[in-house]
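Below: the structure, in C-alpha cells.
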Amino acid sequence: MVETAAHLIDNVLPAAPVRQWVLSFPWPLRFPFATHPALLARVLGIVTRALATSLIHRAGLSVGSGAQTGMVTLIQRFGSALNLNVHLHLLVLDGVYTFERARPRFHRTSAPANTELERLLDTLIRRITRTLVRAGALIEDVDETYLNVDPGGALGQIDAASVRYRIAVGPDAGRRTLTMRTLRAVAHDSNRRTKPFTAARDGFSLNASVAC
C-alpha cells in the first residue's frame, strides 16, 4: 500500500486537487462482480465515463471541447468485517484540463451538490442495470429484477455466503456471523443520517466527501 501511494504521488497524479469517489453496490451484485471480472470491467467503464462527463459539465465545458480529466481506480474486495464486498475507490482529479497551443490549463470544479450526486447515481444505476441485463447477468421481470448467476462450485458457495455475512461451511453453515455492538452504537445507528456528499438508493451508494 505504501509503495502504491508513493508511486501515485511521485509518478502518476499531477499537482492538482484530487477527490475520492466511492461507489458501493447492492449485495446481489457483489457476487457476480467478485466472480466475473469482465462484468466489473464493463461497469468500471460506465463509472469512469459518467464521472468524466459530470466533471466536464460542472467545469462549464462540453464533451466536444476536448476537455479531459484523469482518475485511478482501486478495486476493494472486502468490507470492514472482512466480508466479500466488491466496491470501487476512485481517485479523480477535481476538475478537467483543456489544451491550448499544446499547453494544459486546469479548470477546477467545486464540490458536487447533493442534486448532482443524486442525478449521477441515477445515471449510474440505469446504465449499470442495462449493461448487466444485456450481458445476461440480470433478468428483468414484470415485477422485479433478479440475478442470473449460478454460484457454481464450493468456492462460489463460500463467496456467496461471505457477501451475506453468513457462515459457509460446517455445522453452523447458513447462520449469520457473530457481531458485537454496544447499546450506544445501536442507538447511534438508529439516528444515523445520510453522510455528507453521499447519495444512496436501492443498495447503491456514491460518496465524494474526501478531497485534498
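No hydrogens, no waters, no symmetry mates; every other heavy atom, side chains included, goes into these values. All values reported here derive from a predicted model rather than from experimental measurement.
Between Trp21 and Leu51 the shortest side-chain heavy-atom distance falls below 4.5 Å. For the pair Phe33/Leu88, no side-chain contact is recorded, criterion being any heavy-atom separation below 4.5 Å from C-beta on. Within the 4.5 Å cutoff, no side-chain heavy atoms of Val72 are placed close to those of Leu90. Thr109 has its side chain out of reach of Val96: every pair of non-hydrogen atoms, C-beta onward, lies at least 4.5 Å apart. In this structure, Phe204 and Pro26 have side chains that are in contact, with non-hydrogen atoms separated by less than 4.5 Å.
Evaluation of the ring pair (Phe, Tyr, Trp, His ring centres under 6.0 Å) rule for Phe106 yields Tyr97 as partners, not counting sequence neighbours. Applying the ring pair (Phe, Tyr, Trp, His ring centres under 6.0 Å) test to His107 and every residue at least two apart in sequence or in another chain returns nothing. Contacts of Glu100 classified as salt bridge (Lys or Arg N to Asp or Glu O under 4.0 Å), with partners at least two apart in sequence or in another chain: Arg105. Applying the ring pair (Phe, Tyr, Trp, His ring centres under 6.0 Å) criterion to Phe197, with sequence neighbours excluded, gives no partner residue.
A continuous path of Ile, Leu, Val, Met, Phe, Trp and Tyr side chains, each step under 4.5 Å between heavy atoms, connects Leu117 with Met71, placing both in one hydrophobic cluster. In the hydrophobic clustering of ILVMFWY residues, with side-chain heavy atoms under 4.5 Å counting as a link, Leu55 and Val63 come out apart. Cluster membership check: Ile46 shares its hydrophobic cluster with Ile75, using side-chain heavy-atom separations under 4.5 Å among Ile, Leu, Val, Met, Phe, Trp and Tyr. Connection of Leu8 to Val210 is not established within any shared hydrophobic cluster, with ILVMFWY side chains joined at heavy-atom distances below 4.5 Å, either directly or through further cluster members. Cluster annotation: Leu74 is not connected to Leu23 through the hydrophobic network of ILVMFWY side chains, with a link wherever side-chain heavy atoms come within less than 4.5 Å.
The two atoms that bring His87 and Asn85 nearest to each other are ND1-O, 2.8 Å, heavy atoms only. In terms of heavy-atom proximity, Ile56 sits nearest to Ala67 at CD1-O, 3.4 Å. Taking every heavy atom of both residues into account, Pro32 and Leu39 meet most closely at CB-CD1, 4.1 Å. Between Leu120 and Leu206, the shortest heavy-atom distance links the atoms CD2-CD2, 3.9 Å. Across all their heavy atoms, Leu84 and Ala34 have their closest contact at CD2-CB, 3.7 Å.
Screening residues 202-211 for side chain to side chain donor-acceptor pair (under 3.5 Å) gives Thr198-Asn207, Asn207-Ser209 as the qualifying pairs, with residues at least two apart or on separate chains. Annotation: side chain to side chain donor-acceptor pair (under 3.5 Å) contacts involving residues 44-69, sequence neighbours excluded, comprise Ser54-Glu116.
For the atom pair Arg126 CZ and Leu121 CG, the distance stands at 10.5 Å (nearest 0.5 Å). For the atom pair OG1 of Thr98 and CG of Leu61, the computed distance is 6.5 Å after rounding to the nearest 0.5 Å. The structure places CD1 of Ile9 at 11.0 Å from NE2 of His7, a figure rounded to the nearest 0.5 Å.
Surrounding CZ of Phe78 are at most 12 heavy atoms belonging to other residues, nucleotides or ligands under 6.0 Å away.
A side-chain donor-acceptor contact under 3.5 Å links Arg19 to the backbone of Ala208.
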Exercise. Given the rule in the side chain to side chain contact (heavy atoms under 4.5 Å, CB included) test, do Val43 and Leu29 qualify, once you have shown the distances and angles that lead to the verdict?
Worked result: CA-CA 11 Å; Val43 168; Leu29 295 186; over 6 Å; no
